[in-house]
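Values in this document were obtained by computation on a predicted structure and should not be read as measured data.
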Amino acid sequence: MSTLQTIETFAEVANQLSFAKAARRLGLPPSTVTSRVRALEDSLGVRLLERTTRRVALTPEGSVFLERCRAGLAEIEAARTLVSATGSAEGTVRMSVPSAFPKARLAGLCHRFLDLHPRVSLDVTVSDEPADSCVMRWMSPCAATAPAAAG
C-alpha cells in the first residue's frame with residue numbers, strides 16, 4: 001500500500017465525512033478504507049479523524065493535514081492529466097491521396113489509425129493534383145513565409 005493511496009483515501013473520507021460513502025466512491029470495501037486511514041494515522045503518530053457511531057469529524061491536526069494534502073493531490077492530478085493528455089491526439093487530419101492508391105489498403109490504414117486515435121477524424125481527398133501545403137494559409141506554418149498574392 002502506497003502512502004499516496006492512504007492520503008487519497010483519507011482525503012475522500014474527510015470530503016465525505018463518512019467511511020462508507022468514501023468506500024463507495026473509491027470502489028473499496030469499508031474495511032480497506034478504515035485500515036488505510038488507521039495506517040496513515042499510525043505512521044503520523046496523530047489522530048486525523050474523530051469517529052463515533054454516528055459521525056466522522058476532522059481533528060485540528062486532521063484539518064491542517066487535509067489542507068496541505070489537497071494542494072499536493074491537486075498537483076498530482078494536474079500532472080496525471082498533463083501526461084495523459086500529451087499522449088493522446090485529437091482533431092482533424094486532412095490528407096490527399098492519388099486515385100491510383102489502392103482503396104482497400106487506404107481503408108485498412110485509416111481504420112487502424114482511427115482505432116489507435118479515437119478522438120481524431122480523417123478528411124481524405126482523392127485527387128491526382130499535387131497538394132499545396134500553403135493553400136490554406138491560416139493553417140499552414142509556411143504562411144508567414146509565403147509571398148503575398150499580387151493584385
Side-chain angles (χ1 to χ4, degrees), residues 1-44 48-49 56-58 61-151:
M1 164 177 47
S2 76
T3 302
L4 180 58
Q5 286 178 322
T6 60
I7 291 171
E8 288 173 327
T9 302
F10 160 71
E12 192 60 39
V13 172
N15 290 337
Q16 300 298 321
L17 293 176
S18 165
F19 281 83
K21 287 179 184 176
R24 279 192 296 277
R25 286 187 50 90
L26 295 170
L28 297 170
S31 60
T32 300
V33 171
T34 300
S35 63
R36 284 184 181 179
V37 172
R38 188 175 302 124
L40 180 60
E41 289 175 326
D42 290 346
S43 74
L44 295 172
L48 300 171
L49 298 167
V56 174
L58 285 164
E61 296 85 0
S63 292
V64 169
F65 189 72
L66 178 63
E67 182 181 329
R68 298 300 293 250
C69 287
R70 279 185 177 151
L73 290 171
E75 285 297 317
I76 290 168
E77 186 56 34
R80 284 178 178 161
T81 301
L82 179 64
V83 170
S84 65
T86 302
S88 64
E90 64 181 72
T92 301
V93 173
R94 291 176 180 85
M95 66 177 148
S96 179
V97 295
S99 60
F101 195 90
K103 305 302 184 266
R105 179 157 165 84
L106 177 63
L109 291 170
C110 290
H111 182 71
R112 276 187 283 168
F113 180 83
L114 292 173
D115 283 345
L116 292 172
H117 306 284
R119 296 181 350 185
V120 173
S121 62
L122 296 177
D123 181 1
V124 180
T125 302
V126 178
S127 174
D128 290 326
E129 293 186 25
D132 182 355
S133 61
C134 290
V135 166
M136 298 174 76
R137 293 179 190 273
W138 59 273
M139 289 185 63
S140 175
C142 59
T145 59

Query - CA sep, side-chain torsions, deciding dist, call: Val126, Phe101, side-chain contact (heavy atoms from CB on, under 4.5 Å) - result: CA-CA 9 Å; Val126 178; Phe101 195 90; over 6 Å; no
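- Looking at every heavy atom in both residues, Ala100 comes nearest to Asp128 through N-OD1, 4.4 Å.
- Between Leu26 and Glu8 the shortest side-chain heavy-atom distance does not fall below 4.5 Å.
- In this structure, Met95 CE and Phe113 CZ are separated by 7.5 Å, a value rounded to the nearest 0.5 Å.
- Of all the heavy atoms in Ala57 and Leu17, the pair that sits closest is CA-CD2, 4.4 Å.
- To the nearest 0.5 Å, atoms CZ (Arg36) and OG (Ser31) are separated by 10.5 Å.
- Annotation: side chain of Thr6 is in contact with side chain of Thr3 (closest heavy-atom distance under 4.5 Å).
- Taking every heavy atom of both residues into account, Val124 and Cys110 meet most closely at CG2-SG, 4.3 Å.
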Requested in this report: Verify side-chain contact (heavy atoms from CB on, under 4.5 Å) between Gln16 and Val56, making sure each step is shown before the conclusion.
Outcome: CA-CA 9 Å; Gln16 300 298 321; Val56 174; over 6 Å; no
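- Shown here is Glu67, whose CD atom has no more than 12 heavy atoms of other residues, nucleotides or ligands within 6.0 Å.
- Here the CG-OG1 distance, from Leu28 to Thr9, works out to 6.0 Å after rounding to the nearest 0.5 Å.
- A heavy-atom distance below 4.5 Å is not found between the side chains of Leu58 and Phe65.
- Rounded to the nearest 0.5 Å, atoms OG (Ser18) and CZ (Arg24) are 6.5 Å apart.
- Ion pairing between Glu41 and Arg38 fails under the 4.0 Å rule for side-chain N and carboxylate O.
- Each of Leu116, Leu114, Leu109 was evaluated against Arg112; a single residue qualifies, Leu109, per the side-chain contact (heavy atoms from CB on, under 4.5 Å) test.
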Query raised in the report: Which is it for Val93 and Asp123 under the side-chain contact (heavy atoms from CB on, under 4.5 Å) test, yes or no, and what are the steps along the way?
Result: CA-CA 6 Å; Val93 173; Asp123 181 1; over 6 Å; no
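- Atom SG of Cys69 sits about 8.5 Å away from atom CG of Leu48, to the nearest 0.5 Å.
- Considering only heavy atoms from C-beta on, Leu66 comes within 4.5 Å of Arg70 through its side chain.
- Leu122 CG to Leu106 CG: the interatomic distance, rounded to the nearest 0.5 Å, is 8.5 Å.
- For the residue pair Ala23 and Pro29, the shortest heavy atom distance occurs at CB-C, 4.1 Å.
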